[in-house]
Trainee: 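The structure under discussion is supplied below as structure tokens; questions concerning it will follow.
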Amino acid sequence: MNKKLLKQVTLFFLVLFTISGAASATMNVVVITDPTGQDPNGAAAGSQSFAQNMFQPTFLLCLDRKMAVLSGGEGTAKPRLAAIVSTVSKLENNATPAEAAAEALKYNGIRILVASIDQGSAVAGDFQVYIVTVGNDSSIDVKGYSGGVAELPPGTKGAIIHLRNSEGNPQAGTADTVRLETAVKMGKMIRDGYPATIILGEAFKEVAIDSGEKHGGGGVNLVSGISTGDMFTPLALNQNGYNMDAPYSKQGTNGWSVGYPEANNYQADPTTGGKLTVVYAYEALTNTITVTDNNPSVSTHGSDQKGLSEATSNVVDAAITKSGYDPVEISKYVNSAIDSGLLVGVNHVSASDINVKENIKSVGVYYTPTTDGKSAPSWDLPIDSQIFELLGNIQTAIGFMLIMLALFRSTLIKSFFRRRKT
């Protein structure tokens, strides 16, 4: 990373931490079930907490190098910013995960976890973790570590989980037990052949229910480059994220779905009259980042319409089952769903709006919203494109928008007063 870009990234994070209260992820977890990178669901990572502002510390995902940086700790926001930037800089200069994570040791109370598929994963700084390794003979080894640097070696199936209880959590005192229980469960699931994305969702479930550290956060699929994005992050500054043990949406059998709280108004599928299935947040996380031959990962862009992502996913699934990964056929299915009212709030799409990555079973659908005021037009902002390439799936979109407002508020104010004078 060059010095100019490093300064830009530092400014990016500094503004974020300045305009909002500090947050600290209290659960960081990485799961590696296929260190060769061949399984599209073979590596996953994520964070959640009882704390507020969970769009700050959850993860950075580097799509090109298939690595993630997770952060947290008891320290304040500025040292955590410095540790993140220093860690990213080390990784850009080809440091190992352990070498990069060790930057956290320079800052009091800070924790950094670097997750990698083939280079191993490492945690450093202020932490209490269990590291799970699963041998080729199906043996499971679970060891506890506290502080310093701890590593899951390259080429190893296993997991790292950090967990503490946040101040104010009514389930305080449970973290030590839940950390061990979750580590053991992950080890057994790795041994039994479950993919990393499924195991990550189970870890979120157990930690959320049993320890109360349950506000999103989110997760990433390191192999396929899929993120939960802002599905579970706060709607505004200084608020909690979505409770990961709470119902997230209701789904019908033909693809119709609706998110909570609107889902409370529906007791049956309005398109078929059939039964609705309640999907919990930890299940939604798993469904979002897990890809299969018949159930690809489907991401939607361009609209914030509630329930659109889940409904689109089901429509695309049907298209692929019938016609394979053909963007022309997928666009026909999407447009038919729009015509029938299954998908609402968006305009028709063309084949060029469908981004297909068949090798990792991933499909992106790029919508143009209808004129209902739910989405803003794109902004022409003076930001180096390299920042986006580096940060990739920084959580969350709302965090980014808040940064933009902070960076350009003086310009906006001047424009406002100029308009008042005219």
Side-chain angles (χ1 to χ4, degrees), residues 23-31 44-59 61 68 70-72 113 115 159-172 174-175 177-179 181-183 185-186 189 194-221 226-236 239-251 257-261 263-264 277-290 306-307 309-310 393 395-399:
S24 177
T26 48
M27 183 195 83
N28 296 132
V29 62
V30 56
V31 185
S47 301
Q48 63 181 342
S49 176
F50 188 79
Q52 297 177 333
N53 295 325
M54 276 301 295
F55 48 74
Q56 291 185 23
T58 46
F59 51 76
L61 174 63
L70 287 67
S71 65
L113 191 157
I160 302 175
I161 179 168
H162 166 89
L163 179 64
R164 285 180 180 149
N165 285 124
S166 302
E167 183 178 351
N169 182 348
Q171 293 176 256
T174 58
T177 299
V178 176
R179 188 188 320 119
E181 290 176 345
T182 306
K185 181 174 183 177
M186 289 193 295
M189 293 184 73
Y194 289 90
T197 53
I198 300 294
I199 299 171
L200 186 74
E202 286 298 307
F204 267 75
K205 175 183 178 181
E206 185 155 337
V207 168
I209 294 173
D210 294 343
S211 79
E213 300 298 321
K214 60 184 180 180
H215 302 145
V220 295
N221 179 326
I226 305 164
S227 162
T228 55
D230 59 359
M231 286 176 64
F232 311 113
T233 50
L235 297 176
Q239 289 187 3
N240 293 324
Y242 204 90
N243 288 353
M244 298 303 294
D245 59 348
Y248 187 76
S249 65
K250 287 183 179 179
Q251 294 184 355
S257 67
V258 61
Y260 282 87
N264 289 316
T277 300
V278 175
V279 178
Y280 284 80
Y282 55 80
E283 295 174 315
L285 179 147
T286 299
N287 295 340
T288 299
I289 65 173
T290 300
K306 284 185 176 292
S309 177
E310 294 87 346
N393 283 317
Q395 285 197 321
T396 165
I398 195 167

Trainee: Could you report the tightest heavy-atom contact between Asn287 and Val279, atom names first, then the distance?
Mentor: ND2-CG1, 4.2 Å
Trainee: Check whether any side-chain heavy atom of Tyr242 sits under 4.5 Å from a side-chain heavy atom of Met54, and report yes or no.
Mentor: no
Trainee: With respect to Tyr248, which candidate in Tyr260, Phe232, Phe204 satisfies the ring pair (Phe, Tyr, Trp, His ring centres under 6.0 Å) definition?
Mentor: Phe232
Trainee: Who passes ring pair (Phe, Tyr, Trp, His ring centres under 6.0 Å) against Tyr282, sequence neighbours left out?
Mentor: Tyr280
Trainee: Which heavy atom of Leu285 sits nearest a heavy atom of Met244, and at what distance?
Mentor: CD1-CE, 3.9 Å
Trainee: Output all residues satisfying side-chain contact (heavy atoms from CB on, under 4.5 Å) with Gln239, sequence neighbours left out; order by chain, then residue number.
Mentor: Pro234, Leu235, Ala236
Trainee: Can you sort out the partners of Ala159 under side-chain contact (heavy atoms from CB on, under 4.5 Å), two or more places apart, ordered by chain and number?
Mentor: Val31, Val132, Met186, Ile190
Trainee: Quick check: does any side chain N or O of Gln171 sit under 3.5 Å from a backbone N or O of Ile209, one acting as donor and the other as acceptor?
Mentor: yes
Trainee: What are the two closest heavy atoms between Thr286 and Gly201, and how far apart are they?
Mentor: OG1-CA, 3.2 Å
Trainee: What is the minimum heavy-atom distance between Gly217 and Thr228, and which atoms define it?
Mentor: O-OG1, 4.5 Å
Trainee: Nearest 0.5 Å, please: how far is CD in Gln48 from CG in Asn28?
Mentor: 10.0 Å
Trainee: Taking atom CD1 of Ile226 and atom CG of Asn221, what is their separation to the nearest 0.5 Å?
Mentor: 5.0 Å
Trainee: Run the side-chain hydrogen bond (donor to acceptor under 3.5 Å, both in side chains) test against Asn169 and tell me which residues pass, sequence neighbours left out.
Mentor: Glu213
Trainee: Using only atom types and a distance under 3.5 Å, with no angle test, would you say the side chain of Asn165 pairs donor to acceptor with the backbone of Ser211?
Mentor: yes
Trainee: Rounded to the nearest 0.5 Å, how far apart are OG1 of Thr26 and CG of Leu163?
Mentor: 6.5 Å
Trainee: Between Val278 and Pro247, what is the shortest heavy-atom contact and its length?
Mentor: CG1-CB, 3.7 Å
Trainee: Going by side-chain contact (heavy atoms from CB on, under 4.5 Å), name the residues that satisfy it together with Glu206, two or more places apart in sequence or in a different chain.
Mentor: Glu181, Thr182, Lys185, Asp210
Trainee: Once ring pair (Phe, Tyr, Trp, His ring centres under 6.0 Å) is applied, do any residues pair with His215, and if so which ones, sequence neighbours excluded?
Mentor: Phe50
Trainee: Can you tell me how far the NZ atom of Lys205 sits from the CG atom of Leu200, to the nearest 0.5 Å?
Mentor: 14.0 Å
Trainee: Ignoring hydrogens, what is the shortest heavy-atom contact between Val207 and Val178? Give both atom names and the distance.
Mentor: CA-CG1, 4.1 Å
Trainee: Nearest 0.5 angstrom please: Glu283 CD to Thr290 OG1, how far?
Mentor: 11.5 Å
Trainee: I'd like to know if the side chain of Asn243 and the backbone of Lys214 have a donor-acceptor N/O pair within less than 3.5 Å.
Mentor: no
Trainee: Can you tell me how far apart OG (Ser166) and CD (Gln52) are? Round to the nearest 0.5 Å.
Mentor: 10.5 Å
